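In what follows, every heavy atom counts, from backbone to side chain, and hydrogens, waters and symmetry copies are set aside. As the structure is a prediction and not an experimental result, all values here were calculated from the model. Chain letters run A, B, ... following the sequence lines, proteins first and then strands; every chain starts at 1.
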Protein chains: 4
Amino acid sequence: MPTTSQDEKIPRKKAVRDAPKRLRDPVQTQAKILAAAKAEFSKVGLGGARIESIAEKAGVNKRMIYEYFKGKEELFQSVLEEAWTSIRTAESELELDHLAPVDAIRALMKFTWDYYLKHPEFMSLVNSENLHRARHVRKSQRFRELHTGFIDMLQRILDRGVASGDFRPGVDARQLHLTLAAVGYYYLTNRHTGEVIFGFDFLAKEALQARLEFNIDTVLSVLRPR
Amino acid sequence: MPTTSQDEKIPRKKAVRDAPKRLRDPVQTQAKILAAAKAEFSKVGLGGARIESIAEKAGVNKRMIYEYFKGKEELFQSVLEEAWTSIRTAESELELDHLAPVDAIRALMKFTWDYYLKHPEFMSLVNSENLHRARHVRKSQRFRELHTGFIDMLQRILDRGVASGDFRPGVDARQLHLTLAAVGYYYLTNRHTGEVIFGFDFLAKEALQARLEFNIDTVLSVLRPR
Amino acid sequence: MPTTSQDEKIPRKKAVRDAPKRLRDPVQTQAKILAAAKAEFSKVGLGGARIESIAEKAGVNKRMIYEYFKGKEELFQSVLEEAWTSIRTAESELELDHLAPVDAIRALMKFTWDYYLKHPEFMSLVNSENLHRARHVRKSQRFRELHTGFIDMLQRILDRGVASGDFRPGVDARQLHLTLAAVGYYYLTNRHTGEVIFGFDFLAKEALQARLEFNIDTVLSVLRPR
Amino acid sequence: MPTTSQDEKIPRKKAVRDAPKRLRDPVQTQAKILAAAKAEFSKVGLGGARIESIAEKAGVNKRMIYEYFKGKEELFQSVLEEAWTSIRTAESELELDHLAPVDAIRALMKFTWDYYLKHPEFMSLVNSENLHRARHVRKSQRFRELHTGFIDMLQRILDRGVASGDFRPGVDARQLHLTLAAVGYYYLTNRHTGEVIFGFDFLAKEALQARLEFNIDTVLSVLRPR
DNA sequence: AATGAATGAGACTTCATTCAT
DNA sequence: TATGAATGAAGTCTCATTCAT
């Protein structure tokens, strides 16, 4: 029931009236709640989020949240599922298997970096969920399914790189993935304290460019045959 | 219950200090509050933390928190200051300037990794503070002072490495530091979701060992002359 | 406990209203809160009033006070508005313009006196608001509107009295009003200390009668032509 | 113990040191507490007053308030006693028996008016005490003694005025006193709401002058033989 | 005499959640 | 489906007061 399924257009009762205010549209109501909840959770965390605030932002009645999501915790879980589905879906659309190994790594890193920049809530949500020791996604079947075959894709790239002589053998795909994500994630998620410590604007165009290049350089270095 | 014994007249300053529970010791009271607060904040975040819970853990009266720290936000700020002071102090005691460049990098990474492992609250606190856009440390003079000259140390190592031919020139000390921290931090802070995704125990001895080595390898790779 | 009976399906709008305890009636809930708050504030002042006590007296959930009135200060403001609206409304219903000047003054003083006696909370509230330097009514648009044209009525009486030779000219309507109110108000509001000082019962029938007569005599004396 | 006894100068231990900070001076400590308490109580009432705030204003340790005055209620009572002693003392120093009847009334009204203006806290305290139904002064022996023979003085003036033909007979001294005080008190104590209602500055020089004259005129009018 | 530390009760307010329509 | 009203628990913070030095 909490699924969004955004495309279906239900012909509602022959459309007796054109419904100027989009009343009674459960699909959209759920979507609005999810979007508002994502914003709220990512801004103040699970503990700091307020159901009332989410309902207001979503423009729906507070009661609807309970109707569709049962409660705060379940809503948080749905938000997490939605967020992770989103990034993994986009990632899979990259079709990295069609690229040369080095290009594939570059593309994946560029994609990850851009995704983080465009969806900073994602990192917040990941942090929050880890603060709570992953107790929400741990219960989610959907979450697990999302990652089956996910590391295989990276492994295939690595294998092709070794075969082509671009990469050294013996690199663990999981380690690589963690590093790949880490160097971008850490920079962006901790940019606020970083700015106080280092005294420069982490989101300035050149700074972003420099960081991305350094990160790609780092990952390619560790992959390079010696 | 807080009083130890009501009627006894202790001859002042005679007993050599055998009172086991040090009553009326503001310094210790504050320390206990800080310790309890650090645990609480790192476990559930600023929004999720409960003053009452902190007071209980600290074994002090709720009121004392307001006496010494004014309020929740200020307490959080104090916790942050204390935590960052702690890691920077320990770090500075490494005396990396006395080590060969490669060894210095290794030592710094090992230290950082071990510190994170021994003080996982530190990463939680950093995450929390960034969730709140660094609004607490931004107000802290003490925090800023903590980091003056902090990056210079790393720069000196880099310079020595370039001079000795161990490192390639042109590497930015701040980028290096961010990467250095990132690869360990990300692995540890996101280990809960990581375990669900990857399906192995991130804190297993061999896993930890493997990760540290991979991280050091990564950083040294990017520093290596080409 | 708040529910009357859970299963019965009342045919909507059929019962002529025999529900004895009107559940879910926001208008009445607000009215009950206001009434209880007026009693509490007038008994112990703004600083001494307890939200919990008000909620109990009103028979509503504490939360409702915040739902409808935002907070203690705003509730106090609403109480003041209601109280002042009440006295001004009753006053305006006297239709003093239809009475002979002397009778109009008498009627106004009798009304004021009786109103104070019947609504002693009013004086308490006025005192409290002045203790707080009128900061609540100052913010109230409704309060200001209440008094437009309010002094004109008295001025018309004065003018008619001067024309008829009953009153001397040159008496300021505002001074008159202040005196008119003062002589009754002071006696009643300070009657507790007054009783300790003077040693008689200020609310005894004869005492009340004597005071009212003295007051009317006083005001008519100062109005009398010389 | 709570008495102030302002004049005695205790020669403290031969004045070993000149005590630059006036430490350990119980008389002054009590006086400072009383002064601060009077200010606080008159500003926010008994319910709104804060012991801590009083101690701070007085520049003494909070504990001292309990040492000298037992508690908040008792402190309030002491403040009331002190305040009423003060006005009655000053009043008695007028020596009205030496003035012509009309002049005596004028002098008394002028005195009362000026006293209210100079000590506006007095009115606040009276209001507060009446809010609490005089429960503090009722317990005070000292308070009662203060007013013995107090109304007799006014009666003597009235009697002399009747004898001289200046005043009509039959006026009750207590009624007169109440009116005398009322017309000034009401104007001043309710000036804040009055200013919002009437829209002029109640404390402006001319306004004060006009009010005093109107008040004296009022009282002399009701006393005048018909 | 004076002080700083400590306390427990209770203040205002907010929250997630359920009820009734 | 949707909504507004209502609730009880709990949260942050404040207060008058006492304890120990």
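- Comment: D:Arg50 does not engage D:Glu56 in a salt bridge, judged by the lack of any side-chain N to carboxylate O separation of less than 4.0 angstrom.
- In this structure, of E:dC12, E:dA6, F:dT14, it is E:dA6 that holds the atom nearest to the side chain of D:Lys62.
- Candidate nucleotides F:dA5, F:dA10, E:dA16 were compared by shortest atom distance to the side chain of A:Tyr66, and E:dA16 ranks first.
- Side chain of D:Lys72 to backbone of D:Leu46: a donor-acceptor contact under 3.5 angstrom is found.
- The stretch residues 73-83 of chain B has no heavy atom under 4.0 Å from DNA chain F, so no residue of it qualifies as close.
- Put simply, the side chain of D:Leu34 reaches to within 4.5 Å of the side chain of D:Val79, judged on heavy atoms.
- Rounded to whole angstrom, the span from the CD atom of C:Glu56 across to the P atom of F:dT7 amounts to 13 Å.
- The interatomic distance linking D:Glu52 (CD) with F:dT18 (C1') rounds to 14 Å, in whole Å.
- Atom-to-atom, NZ of B:Lys32 to P of E:dA5 comes out at 14 Å; the value is rounded to the nearest Å.
- Atom CD of D:Gln30 sits about 11.0 Å away from atom CG of D:Leu75, to the nearest 0.5 Å.
- Among B:Glu74, B:Glu81, B:Gln77, B:Glu129, the single residue meeting the side chain to side chain donor-acceptor pair (under 3.5 Å) criterion with B:His136 is B:Glu129.
- Taking side-chain N and O atoms only, C:Asn61 has a distance below 4.0 Å to OP1 or OP2 of F:dG8.
- Atom CD1 of D:Ile65 and atom C1' of F:dA16 are 10 Å apart (whole Å).
- Comparing D:Ile51 and B:Lys72, the nucleotide of DNA chain F nearest to each residue sits closer to the 5' end for B:Lys72.
- Considering D:His132, D:Arg135, D:Lys139 as possible partners of D:Glu73, the one that fulfils the side chain to side chain donor-acceptor pair (under 3.5 Å) test is D:Arg135.
- Between the CZ atom of B:Phe69 and the C1' atom of F:dC13 there is a distance of 16 Å, rounded to whole Å.
- As a whole-Å value, the separation of A:Gln28 CD from F:dT1 P is 15 Å.
- To the nearest 0.5 Å, the span separating CD1 on A:Ile65 from OG1 on A:Thr29 amounts to 11.0 Å.
- DNA chain E is contacted by both B:Met64 and C:Arg63; B:Met64 maps to the nucleotide lying nearer its 5′ end (nearest heavy atom per residue).
- The phosphate of F:dA2 has OP1 or OP2 within less than 4.0 Å of a side-chain N or O from A:Thr29.
- Residues from residues 34-46 of chain C with heavy atoms under 4.0 angstrom of DNA chain F: there are none.
- Atom CD of B:Glu67 is separated from atom P of F:dT17 by 17 Å (rounded to the nearest Å).
- Look at CG on C:Asp25: it is 16 Å from P on E:dA20, rounded to the nearest Å.
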(request) Would you sketch DNA chain F in dot-bracket for me? Only Watson-Crick or G-U wobble pairs with both distances under 3.5 Å count, crossing pairs as [ ], other-strand pairs as |, the rest as dots. (result) .||||||||||||||||||||
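- With values rounded to the nearest 0.5 angstrom, A:Ser128 atom OG is found 5.0 Å from A:Phe76 atom CZ.
- Note that CD1 of B:Ile51 is 5.0 Å distant from CD1 of B:Ile54, once rounded to the nearest 0.5 Å.
- Between E:dA16, E:dA6, F:dA5, one nucleotide has an atom nearer to the side chain of C:Tyr68 than all others, and that is F:dA5.
- Closest non-hydrogen pair, A:Ser124 versus B:Leu131, comes out as OG-CD1, 3.8 Å.
- Once rounded to the nearest 0.5 Å, the distance linking CD1 of B:Ile33 with OH of B:Tyr66 reads 11.0 Å.
- Of the possible polar contacts, none joining the B:Lys57 side chain to the B:Ala35 backbone as a donor-acceptor pair under 3.5 Å is found.
- Nearest-nucleotide positions on DNA chain F place C:Gly59 closer to the 5' end than the other of B:Ala49 and C:Gly59.
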